[in-house]
Amino acid sequence: MKNNRIILILFILLAAVAGYFFYTKKSGTIKKELSDFAVADTASINKIFMADREGNTVTLIRQNSGMWRVNNKYNAKPEGINTLLYTIKALEVRSPVGHNLYNNTMKLLSSKSTKIEIYQKGNLVKTYYVGHPTMDNLGTFMYLEGSSVPFIMHIPGFNGFLSSRYYAIEQEWRDKGLLHCDPQQITHVLFKNLFVPDSSLEITKIKAGEYTVGNGKRQLALYDRLKLNAYISACSNVYYNKIDNEMSAERRDSILKAGPFMTLLIDTVKEALSARLFRKPVTASTRSQYDEATGKIWDYDLDRFYLLQAGDTTWYTCQYFQYDKLLKTPNYFLPVTAAK
């Protein structure tokens, strides 16, 4: 009897030891498999391809200058690129998907996920699929191509899911800057007010630190250099708010028929921004639709307008408050003494 107890105890101990080594070995294999998701050297990543199940695709390519381009059409927004590269580097495994969730997770990944291909120096080094968030929104289901099991991924210290950082819609990756340049490269600025010509503004660079300021008819004899320098700096970064992809042909034709209220030209050493500015009609989504004092409907949106670049059919929605610093008259630049 005593011998049987000793044998039973030895059997339990041996089983525990065997289980420990089996679990340790299995865990080590999973960890190694998981570590393949992240790419530590993001500086050598020069291309990222993404495709979702709706047919959207986007290719992000790093230029020699360090800038990124979207589908060889537009500059990519820096904040989006930086967030994506950080995510690619920092994501870690929270846990493998259990057997009870395996079939359902793989089914969801096959029907609704975004495929990611990562290239270093032109070579494909990683392919994985980014799926839906977990119930607590603190993890994201992902599957590494060639892996035997999907995983729940996260970034330690970040309380949120990661799928929103991987998106394959071209316009959402596009940099909203219509013009980015060194202020010193600006050679000519022309805002033509088509309804009040005397309120137009024209600035021409003569040489470094010296400009002419006027409205096409007259030039200022003196101008405030600090105001002018600040203005030129503001002209070096021009943005839009969003792109109107839902404009009907009837609405477009009506806006074009009404004509622009202003034209814009900013010439630089390397490029130029040439555009027409159109009033945006009041719609159901307009924030201020009518004059509260009189009840009269406004003739146009007081917060936003449309911008149409030369040679481009894209209708950009812009905000007046962002352009107020650009829509100045020559009198704005008068020295204080001269203005008095």
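Computed from a predicted structure; not experimentally measured.
For Y332 and Y231, the gap between ring centers reaches or exceeds 6.0 Å. For Y239 and H180, the distance between ring centers is under 6.0 angstrom. Aromatic ring centres of Y167 and W173 lie closer together than 6.0 Å.
With N56 contributing its side chain and D52 its backbone, the two residues share no donor-acceptor pair below 3.5 Å. The closest donor-acceptor contact from the side chain of Y223 to the backbone of Y211 lies under 3.5 Å. With T83 contributing its side chain and E79 its backbone, the two residues share a donor-acceptor pair below 3.5 Å. Counting only distance, with no hydrogens or angles, the side chain of S200 and the backbone of N193 share a donor-acceptor pair below 3.5 Å. A donor-acceptor pair is defined here as one N or O able to donate and one able to accept, closer than 3.5 Å; such a pair exists between the side chain of K205 and the backbone of Q184. Checking side-chain atoms of S254 against main-chain N and O of E250 turns up no donor-acceptor pair under 3.5 Å. Judged by distance alone, the side chain of T105 and the main-chain N or O of L101 form a donor-acceptor pair under 3.5 Å. Here the side chain of Q120 pairs a donor or acceptor atom with the backbone of D41 at under 3.5 angstrom. The main-chain N or O of T317 is never found under 3.5 Å from a side-chain atom of N241 such that the two would form a donor-acceptor pair. Formation of a donor-acceptor pair under 3.5 Å by the K77 side chain with backbone atoms of K176 is not found in this model.
The aromatic rings of F261 and Y320 sit tilted, their planes meeting at an angle between 30° and 60°. Relative orientation of the Y240 and Y316 rings is tilted, given thresholds of 30° and 60° on the angle between their planes.
Residues L277 and Y306 fail the side-chain proximity criterion, which asks for heavy atoms closer than 4.5 Å. At a threshold of 4.5 Å between non-hydrogen side-chain atoms, the residues F305 and Y300 do not count as touching.
Between the OG1 atom in T140 and the CG atom in L162 there is a gap of 4.0 Å [rounded to 0.5 Å].
Of the candidates I48, L60, I118, L85 forms a side-chain contact (heavy atoms from CB on, under 4.5 Å) with just one, namely I48.
A salt bridge between R94 and D136 is present, with a side-chain N of the basic residue lying under 4.0 Å from a carboxylate O of the acidic one.
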